[in-house]
Colleague: 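For reference, the structure I am asking about is given below.
We name chains A, B, ... by the order of the sequence lines, and we start the count at 1 in each one.
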2 protein chains.
Amino acid sequence: MTITTDTETEKRGWTQNPDAVKRDILSVAISEFAANGLSGTRVDTIASRTRTSKRMIYYYFGDKQGLYIKALEEAYRVLREGEAALDLDDLPPREALAKLVAFTFDHHRRNPDFIRIVMIENIHHADHLAQSEVARAMDVPALGKLAEVCRRGQEAGVFRPGLDPVALHWQVCALSVFNVSNRPTFSTIFGTALFEEAAQERLRAQLVEMILALVEQPHP
Amino acid sequence: MTITTDTETEKRGWTQNPDAVKRDILSVAISEFAANGLSGTRVDTIASRTRTSKRMIYYYFGDKQGLYIKALEEAYRVLREGEAALDLDDLPPREALAKLVAFTFDHHRRNPDFIRIVMIENIHHADHLAQSEVARAMDVPALGKLAEVCRRGQEAGVFRPGLDPVALHWQVCALSVFNVSNRPTFSTIFGTALFEEAAQERLRAQLVEMILALVEQPHP
DNA sequence: TCCAAGATGTTCCGGTTGGTACATTTCGTC
DNA sequence: GACGAAATGTACCAACCGGAACATCTTGGA
């Protein structure tokens with residue numbers, strides 16, 4: 001009868017630890033789903049990369065699709081948690097928008113696995129996202145901040161009226177997501193030059209310029 | 001002994017018709033792979049939607065992956081065939097570029113299945129594309145035309161020097177592809193407004209403006 | 001100290017699925 | 001008109017894989 005105190009979670013003895021087991025499974029699942037897609041992923045493979053067994057996957061997540069949905073929710077959660085940490089309140093509208101756009105670009109680059117899960121969900125026509133009230137009801141900090149910056153900019157008279165924050169978000173997302181999601185095919189065909197650090201910084205700068213130009217004047 | 005003349009290919013009697021059989025299989029395969037991904041697609045399903053049998057798939061394409069690669073090659077071929085038909089020679093650089101960009105946006109919209117296959121290939125890290133000499137060696141008309149338009153514009157003094165056609169292509173593709181590839185998740189979260197006709201036309205116009213602004217002056 | 005509910009491990013199963021063996025027909029050509 | 005190669009159809013299989021059955025252990029509370 002050992003007394004493994006096990007203060008910092010995760011230990012083997014074994015002691016029961018539902019939360020750690022769930023987290024362990026979910027983290028492996030995200031990486032497997034991101035790498036192989038929904039039908040390409042093997043539940044046995046996930047289990048084998050886990051400290052626990054396949055039994056636990058079904059115990060906690062019901063079935064493969066249930067696990068996938070949780071992974072999808074987690075992907076969105078992490079992406080949005082990162083956005084929420086961004087503070088723009090101290091900056092004037094122009095600079096705030098520039099910072100937000102540049103951040104979005106970098107943030108997507110830093111989280112390729114989550115972008116890939118979103119791609120996979122798109123392949124499946126967003127059916128599981130539609131099922132998940134959690135993910136659908138989730139706040140989208142980037143859009144909120146964007147709308148707020150637009151409002152401030154218009155109030156200050158530096159942005160033109162009639163801006164559509166959702167359309168702006170769509171444009172920023174498009175470049176930021178494409179940069180990650182289509183990198184394999186794009187670089188296979190056109191070479192890897194655009195994905196080296198210097199080129200990425202230039203693309204990011206151009207994205208910021210494009211968005212600012214779009215927001216400032218209709219026709220100069 | 002019937003004498004089914006069978007002038008316009010595709011008939012059952014049956015007569016032998018290797019080319020029609022191959023085309024039949026490939027066309028079904030494209031739609032199935034686009035809908036379900038590589039591992040999500042069932043060879044039996046493809047066979048059942050065909051006028052022929054599973055036997056023929058393996059006879060002509062070797063295995064599932066071989067069929068997938070052919071579908072991938074065909075997807076790229078169709079996309080680029082469409083681009084090649086575009087004629088820009090009669091237009092001045094600015095208008096030519098505008099037409100090319102608008103066309104690319106529309107062309108992607110019109111071919112969602114092929115965009116989806118490219119997405120799927122990205123999920124698989126472009127491994128099969130790398131294997132396919134056919135697809136890799138294929139000409140990319142859109143990039144050629146883009147480079148040509150840039151050259152003309154610079155020669156005429158209306159575009160700024162130092163343009164990178166590949167980067168421009170990347171930007172145009174990003175918006176055009178994202179518009180199709182991420183529509184399911186995006187519209188599930190933000191609603192379908194951006195995907196109605198009027199909004200799509202506005203997005204296209206803004207894309208054209210963005211690219212022109214990028215190309216004309218460094219800092220006005 | 002005991003018990004019920006929760007957590008975990010082990011083993012196995014039945015349907016699915018990519019792929020093949022075997023048999024038959026068509027067709028160009030000599 | 002016959003013969004061999006190409007084309008096609010049918011039936012089948014072995015492996016894989018999601019999921020379940022069964023058994024055991026842990027733990028908090030009464």
Colleague: So, is Y60(B) close to the dT8(D) phosphate, meaning a side-chain N or O under 4.0 Å from OP1 or OP2?
Modeller: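 For dT8(D), OP1 or OP2 has a side-chain N or O of Y60(B) closer than 4.0 Å.
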
Colleague: Separation of I25(B) atom CD1 from dG9(D) atom P, in whole Å?
Modeller: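 Distance, rounded to whole Å: 10 Å.
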
Colleague: Under 3.5 Å, side chain of S132(B) to main-chain N/O of I69(B), donor-acceptor pair present?
Modeller: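 Pair absent, no side-chain N/O of S132(B) close to backbone of I69(B).
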
Colleague: Taking the ring centre of each residue, are Y68(B) and F33(B) less than 6.0 Å apart?
Modeller: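 They qualify: ring centres under 6.0 Å apart.
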
Colleague: How many whole angstroms separate atom CG of D24(B) from atom P of dT8(D)?
Modeller: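 One finds 11 Å between P of dT8(D) and CG of D24(B), rounded.
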
Colleague: Sub-3.5 Å donor-acceptor pair from the side chain of H169(A) to the main-chain atoms of P165(A), do we have one?
Modeller: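 Not a single qualifying donor-acceptor pair exists.
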
Colleague: Could you label the plane-to-plane angle of the H107(A) and F103(A) rings as parallel, tilted or perpendicular, counting under 30° as parallel and over 60° as perpendicular?
Modeller: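 Correct class here is parallel.
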
Colleague: The side chain of T52(B) lies closest to which of these nucleotides: dG9(D), dT8(C), dA6(D)?
Modeller: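 Comparing dG9(D), dT8(C), dA6(D) against the side chain of T52(B), the answer is dG9(D).
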
Colleague: Which nucleotide in the list dG19(C), dT8(D), dG19(D) gets nearest to the side chain of Y58(B)?
Modeller: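 That would be dG19(C).
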
Colleague: Does S53(B) place a side-chain N or O at less than 4.0 Å from the phosphate oxygens OP1/OP2 of dT10(D)?
Modeller: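 It does not, given that no N or O in the side chain of S53(B) lies less than 4.0 Å from OP1 or OP2 of dT10(D).
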
Colleague: To the nearest Å, give me how far apart CZ (F61(A)) and C1' (dA7(C)) are.
Modeller: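 Atom-to-atom, F61(A) to dA7(C), this comes out as 14 Å.
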
Colleague: Output the rounded distance in Å from CG (D44(B)) to P (dC13(D)).
Modeller: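 So the two atoms are 16 Å apart, to the nearest Å.
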
Colleague: Look at R151(B) together with E148(B) and state whether they make a salt bridge at an N to O cut-off of under 4.0 Å.
Modeller: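 Yes, R151(B) and E148(B) are salt-bridged.
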
Colleague: Take atom CD1 of I57(A) and atom C1' of dA7(C), then tell me their distance rounded to the nearest Å.
Modeller: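 Those two atoms, CD1 and C1', are 15 Å apart.
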
Colleague: Can you measure R42(A) atom CZ to dA15(D) atom P for me and round it to whole angstrom units?
Modeller: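 Answer to the nearest Å: 17 Å.
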
Colleague: Could you check whether T41(A) gets within reach of a base, just the sugar-phosphate, or nothing at all, counting any heavy atom under 4.0 Å?
Modeller: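 T41(A): backbone/sugar contact only, no base atoms under 4.0 Å.
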
Colleague: If you find the nucleotide of DNA chain C closest to G62(B) and the one closest to R55(A), which residue's nucleotide is nearer the 5' end?
Modeller: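 Result of the comparison: R55(A).
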
Colleague: In whole angstrom, what separates Q65(B)'s CD from dT17(C)'s P?
Modeller: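 Answer to the nearest Å: 19 Å.
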
Colleague: Does the base of dG18(D) carry an N or O that pairs as donor and acceptor with the side chain of K54(A) under 3.5 Å?
Modeller: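 Yes.
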
Colleague: If you only use heavy atoms from C-beta on, which nucleotide in dT8(D), dG19(D), dA7(C) is closest to the side chain of D63(A)?
Modeller: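 That would be dG19(D).
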
Colleague: Atom NZ of K64(A) and atom C1' of dG19(D): how far apart are they, to the nearest Å?
Modeller: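 Spelled out: NZ on K64(A) to C1' on dG19(D) is 12 Å.
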
